[in-house]
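All remarks here apply to the structure that follows.
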Amino acid sequence: MKVLLIEPHKPPYPLEIDGILDEMKKIVGGIIQAVYPFSDPVALICNDEGKLLGLPLNRALYHPETGEMYDIIAGTFFLCGAPPDADHFTSLTDSQLEKYTQYFRTPESFMRINGQIIAIPEQLEHKTENYEKMNGTR
């Protein structure tokens with residue numbers, strides 16, 4: 001099953017998994033929770049206790065109409081297909097992989113300011129350029 005893996009502080013990337021429960025639990029580091037924040041038949045699979053366990057905050061979810069942040073996913077998570085008439089998860093389509101790679105492309109850091117949590121996009125380009133310069137791969 002082809003999924004999109006999203007780890008904290010890293011860009012998303014496609015991953016081929018077997019789709020068995022133990023493998024999904026291993027990826028997210030515990031009990032899985034499936035949430036459905038998109039209008040597409042896509043499931044976001046994360047650790048059900050991620051925030052309680054203090055896993056690193058990963059990406060924010062935004063309300064489609066207002067653009068306001070309404071939740072933050074803690075820990076590593078992945079997206080997979082979730083057809084409405086099926087009792088199991090499936091591979092993402094190529095167009096879904098592309099769409100959600102763009103949606104989650106920029107890792108985020110989070111900060112509390114005046115009692116409100118804000119998401120700060122991380123600058124991966126600079127990290128990559130500095131890494132390449134330090135390692136002579138540029």
Side-chain angles (χ1 to χ4, degrees):
M1 174 169 80
K2 189 182 285 187
V3 302
L4 184 66
L5 187 69
I6 299 104
E7 298 176 284
H9 310 292
K10 296 182 180 179
Y13 59 92
L15 180 68
E16 191 72 35
I17 67 171
D18 291 334
I20 57 173
L21 181 59
D22 285 343
E23 184 180 30
M24 290 188 252
K25 289 168 67 174
K26 185 176 179 181
I27 291 169
V28 302
I31 299 167
I32 68 165
Q33 175 186 22
V35 293
Y36 305 90
F38 310 110
S39 60
D40 293 336
V42 170
L44 186 155
I45 310 297
C46 60
N47 187 313
D48 187 42
E49 301 175 323
K51 291 176 190 161
L52 293 173
L53 295 171
L55 296 181
L57 297 179
N58 189 341
R59 300 292 203 287
L61 296 176
Y62 299 92
H63 193 277
E65 282 95 37
T66 65
E68 290 183 39
M69 181 187 345
Y70 69 87
D71 200 1
I72 301 171
I73 306 298
T76 297
F77 66 94
F78 65 91
L79 302 179
C80 60
D85 55 349
D87 62 351
H88 61 280
F89 299 121
T90 62
S91 289
L92 291 172
T93 66
D94 289 341
S95 64
Q96 289 169 333
L97 272 170
E98 185 177 321
K99 176 180 180 177
Y100 292 106
T101 295
Q102 286 303 309
Y103 185 89
F104 290 110
R105 75 183 174 279
T106 305
E108 297 171 311
S109 293
F110 299 89
M111 181 178 289
R112 182 180 299 274
I113 298 178
N114 296 329
Q116 204 171 2
I117 297 175
I118 62 167
I120 302 165
E122 295 179 7
Q123 299 293 322
L124 279 182
E125 304 81 41
H126 299 300
K127 288 182 184 178
T128 303
E129 287 174 13
N130 289 340
Y131 177 83
E132 290 172 346
K133 285 178 187 174
M134 289 188 318
N135 292 296
T137 56
R138 186 158 191 188

For Leu97, which residues count as a side-chain contact (heavy atoms from CB on, under 4.5 Å) partner, sequence neighbours excluded?
Lys2, Leu4, Pro14, Leu92, Asp94
Value rounded to 0.5 Å, distance of CZ in Phe38 from OH in Tyr103
5.0 Å
Mind checking whether Pro84 and Pro41 have side chains closer than 4.5 Å, heavy atoms only?
yes
Taking the side chain as C-beta and beyond, is there a heavy-atom pair between His88 and Pro83 under 4.5 Å?
no
Considering only heavy atoms from C-beta outward, does the side chain of Cys46 approach that of Gln33 to under 4.5 Å?
yes
Has Glu16 got more than 12 heavy atoms of other residues, nucleotides or ligands less than 6.0 Å from its CD?
yes
Cluster overlap Ile45 with Phe77, hydrophobic side-chain contacts below 4.5 Å:
no
Should we say atom CD of Glu23 is surrounded by more than 12 heavy atoms from elsewhere, each under 6.0 Å from it?
yes
Consider only side-chain heavy atoms of I, L, V, M, F, W and Y, link residues closer than 4.5 Å, and tell whether Ile31 and Leu52 are in one cluster.
no
Just wondering, do Arg59 and Pro12 contact through their side chains at under 4.5 Å, heavy atoms?
yes
Sort and list the pairs that fulfil side chain to side chain donor-acceptor pair (under 3.5 Å) and have at least one residue in residues 45-57, not counting sequence neighbours.
Lys51-Asp71
Flag yes if Met111 and Leu61 sit in one hydrophobic cluster, no otherwise; membership is Ile, Leu, Val, Met, Phe, Trp, Tyr, and two members link when side-chain heavy atoms are under 4.5 Å apart.
no
Enter the distance from Lys10:NZ to Asn58:CG here, rounded to the nearest 0.5 Å.
10.5 Å
May I ask you to check whether Phe78 and Phe89 place their ring centres under 6.0 Å from each other?
no
dist His9:NE2 -> Glu108:CD (nearest 0.5 Å) comes out at 10.5 Å
Taking Ile72 as the starting point, is it possible to reach Val28 by hopping between hydrophobic residues whose side chains are less than 4.5 Å apart?
no
The side-chain contact (heavy atoms from CB on, under 4.5 Å) partners of Thr76 (sequence neighbours excluded) come to Leu5, Glu7, Pro8, Ile27
To the nearest 0.5 Å, tell me how far Met24 CE sits from Met1 CE.
5.0 Å
What residue among Asp40, Val3, Ile6 forms side chain to side chain contact (heavy atoms under 4.5 Å, CB included) with Leu79?
Ile6
